[in-house]
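So that the names make sense, note that chain A is the first sequence line, chain B the second, and so on, each numbered from 1. In this text the structure is predicted, and so the values were computed from the model without any measurement. Only this structure's heavy atoms are used, side chains among them; waters, hydrogens and symmetry mates stay out.
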Amino acid sequence: MSAEKTAITPTRNADFPEWYQQVIKAADLAENSETRGCMVIKPWGYGIWELIQQQLDRRFKATGHQNAYFPLLIPLSYLEKEAEHAEGFATECAVVTHHRLEAVKDPATGKTKMIPAGELAEPYVIRPTSETIIGAAFARWIESYRDLPLLINQWANVMRWEMRPRLFLRTAEFLWQEGHTAHETKDEAIAETRLMHGQYEEFLRDHLAIPVIAGEKTENERFPGAEMTFTVEAMVQDRKAIQAGTSHYLGQNFSKAQNISFTGRDGTVQHAHTTSWGVSTRLIGTLIMAHSDDDGLILPPRVATQQIVILPITPKEDSRQAVLDACQALAETLRHQTFFGDPLRVHVDQRDLNGGVKKWEWIKKGVPIRIEIGPKDIESRKVCVQRRDQAISEKSFTDKADFIQSASEMLGEIHQTLLSRATAFRDANITACDHLDAFHAHWAGDNPGWLYTPWSGSREQEEELSKKHKITIRCLPISDTELPATGGKCILTGQETNIRAIWGRSY
RNA sequence: CGGGGCGUAGCUCAGCCUGGUAGAGCGCUGCGUUUGGGACGCAGAAGUCGUCAGUUCGAAUCUGGCCGCCCCGACCA
């Protein structure tokens with residue numbers, strides 16, 4: 001076997017989109033279903049989602065939010081209430097128009113067909129997002145300033161009839177959470193929007209090892225119906241941007257449209273200020289594209305379905321049972337260790353398969369730490385440790401006791417490696433740009449990185465540049481501490497400005 | 001919704017041009033040899049060739065309708 005052979009074909013450099021599909025397949029994360037645009041999330045992938053859910057949910061609870069659940073079907077009239085919102089989602093809505101099927105025999109073929117019957121007086125839209133139906137509930141629940149703030153989150157599936165689905169990144173049905181809150185004042189609502197934006201930024205960095213640029217969207221890129229949209233933008237390995245999470249200040253747009261009103265401290269009737277914020281299974285696509293390599297998935301330890309996999313090496317029948325026992329005992333001991341408060345997730349792979357096959361399977365699945373234990377190791381009280389953030393050929397023989405001591409620390413190091421690697425890559429691919437010529441020239445290259453420019457152009461000027469180069473302003477960053485220095489004059493208008501824009505191609 | 005392509009075994013595909021009733025590789029099952037860098041041998045299971053109709057003695061193969069999927073654009077978490 002030659003050293004340069006990779007587990008995934010093609011490599012990232014050869015064909016990035018195809019590489020992405022192959023990583024998902026090799027890691028057994030998900031597959032396309034028979035239902036158009038929808039995916040089947042398999043256990044190894046769903047495990048990642050469960051961990052993302054648990055860990056985000058703790059953050060939501062810690063910041064005062066409660067979970068609730070609202071209907072999948074939204075009366076069409078609800079969606080119509082906020083004009084901009086309705087228009088923004090119109091082309092992606094799946095609509096339920098009937099509530100019954102009737103069996104009809106086709107006289108030509110003799111086969112029975114099920115025909116939709118019982119047409120509904122008012123069609124339902126399958127939720128593409130739940131602002132309108134949650135807003136209707138809020139209108140009932142909120143009467144007084146004493147009912148505010150109202151801080152609700154729901155874990156749900158939503159449907160957006162996308163024309164070009166892509167596993168995890170863009171599917172017709174996807175899983176997400178959507179927070180919906182109502183507040184007494186504009187300032188409070190904006191503070192909430194920013195708070196959750198900050199939670200997303202931290203979550204991506206501290207749980208998924210993905211550094212993001214946090215910023216505000218321009219008017220062109222805003223959520224339909226929002227006053228302000230904040231985003232966290234991740235750069236993945238083909239230098240494209242992925243909008244990984246958004247948090248919206250909705251102003252009084254929805255509360256006026258749906259009459260979410262309350263009697264204020266001064267006795268007057270006022271409209272609430274609302275927010276909404278969400279992240280989806282797209283996070284899984286983002287982490288795959290951010291970290292994985294030509295040998296497959298690399299999982300950030302905190303969301304790894306299994307963090308440590310133990311492979312028993314059983315070359316001789318007479319020592320086989322002793323090896324298996326030692327592996328189980330080690331797994332049990334490790335499960336009493338914790339990583340960020342959770343017990344270590346450890347799996348012993350006892351399947352009677354060729355050792356190399358099993359090892360490569362776990363490499364492709366991205367398990368952070370692989371342990372091999374054979375008869376010799378039992379004698380020497382050592383374990384063979386291999387890390388997914390290091391070369392496949394690298395291994396170290398460590399005293400078992402020392403490994404048990406340091407296992408969770410090692411997971412922390414792996415997280416750190418992934419984060420530093422991704423940060424270095426991102427920083428190397430964000431270029432400050434002060435001149436329009438350089439700006440135009442930049443986008444002609446293959447896989448161009450992001451540009452960071454002073455910007456004071458109009459909405460129309462932004463759109464023109466976007467169309468010309470198939471790019472968008474990903475965000476207007478909130479902080480410049482992680483970004484290169486630029487001049488102060490807008491690349492297009494030449495006017496002095498303190499606004500900066502990140503431009504890039506996106507998924 | 002525009003432009004291109006494709007539906008044959010679980011997966012990837014050959015066979016179609018020139019009609020004669022089903023093939024390969026991988027995967028799967030069993031047995032044996034292997035096992036600390038992706039093993040090998042032997043045996044085996046598995047497909048009403050997307051669907052409906054037409055042409056024909058005979059259709060995976062030719063003709064037409066329908067359905068579905070993929071890629072490239074416009075739209076998007």
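If you check every strand for non-hydrogen atoms under 4.0 Å, A:Ser280 touches a base. Residue contacts shown for A:Pro375 include a base, since a base heavy atom lies under 4.0 Å away. When heavy atoms are screened at a 4.0 angstrom cut-off, A:Thr231 is found touching no nucleic acid atom at all. Nucleic acid contact for A:Ala7: base, since at least one base atom lies under 4.0 Å from a heavy atom of the residue.
Contact between the side-chain N/O atoms of A:Lys364 and the OP1/OP2 oxygens of B:G38 is not found at any separation under 4.0 Å.
Salt bridge A:Glu178/A:Arg127: absent, no basic N to carboxylate O contact under 4.0 Å. Using a 4.0 Å cut-off between charged side-chain N and carboxylate O, A:Arg194 and A:Glu216 make no salt bridge.
In this structure, of B:C76, B:G38, B:G36, it is B:G36 that holds the atom nearest to the side chain of A:Lys376. Residue A:Ile313 has its side chain nearest to B:G36 when only B:G38, B:G36, B:C76 are considered. Nearest to the side chain of A:Lys25, among B:C11, B:A39, B:G37, sits B:C11. For A:Asn354, the side-chain atoms get nearest to B:U35 when compared with the rest of B:G37, B:A77, B:U35. Taking every side-chain heavy atom of A:Glu92 into account, B:C76 is the closest of B:C76, B:G38, B:A77. Closest to the side chain of A:Arg170, out of B:G38, B:G37, B:C76, is B:C76.
A side-chain N or O of A:Thr181 and one of A:Thr275 form a donor-acceptor pair less than 3.5 Å apart. In this model, no donor atom of one side chain and acceptor atom of the other lie less than 3.5 Å apart for A:Lys365 and A:Gln306.
Distance, A:Gln21 CD to B:C11 P: 16 Å, rounded to whole Å.
Judged by ring centres under 5.5 Å apart and planes tilted less than 30 degrees, A:Phe174 stacks against the six-membered base ring of B:A77.
For the P atoms, the distance from B:G58 to B:C13 is 34 Å, rounded to whole Å.
Applying the Watson-Crick and G-U wobble criteria (two distances, each under 3.5 Å), B:G27 pairs with nothing in any strand.
For A:Arg160 against B:C76, no side-chain N or O and base N or O form a donor-acceptor pair under 3.5 Å.
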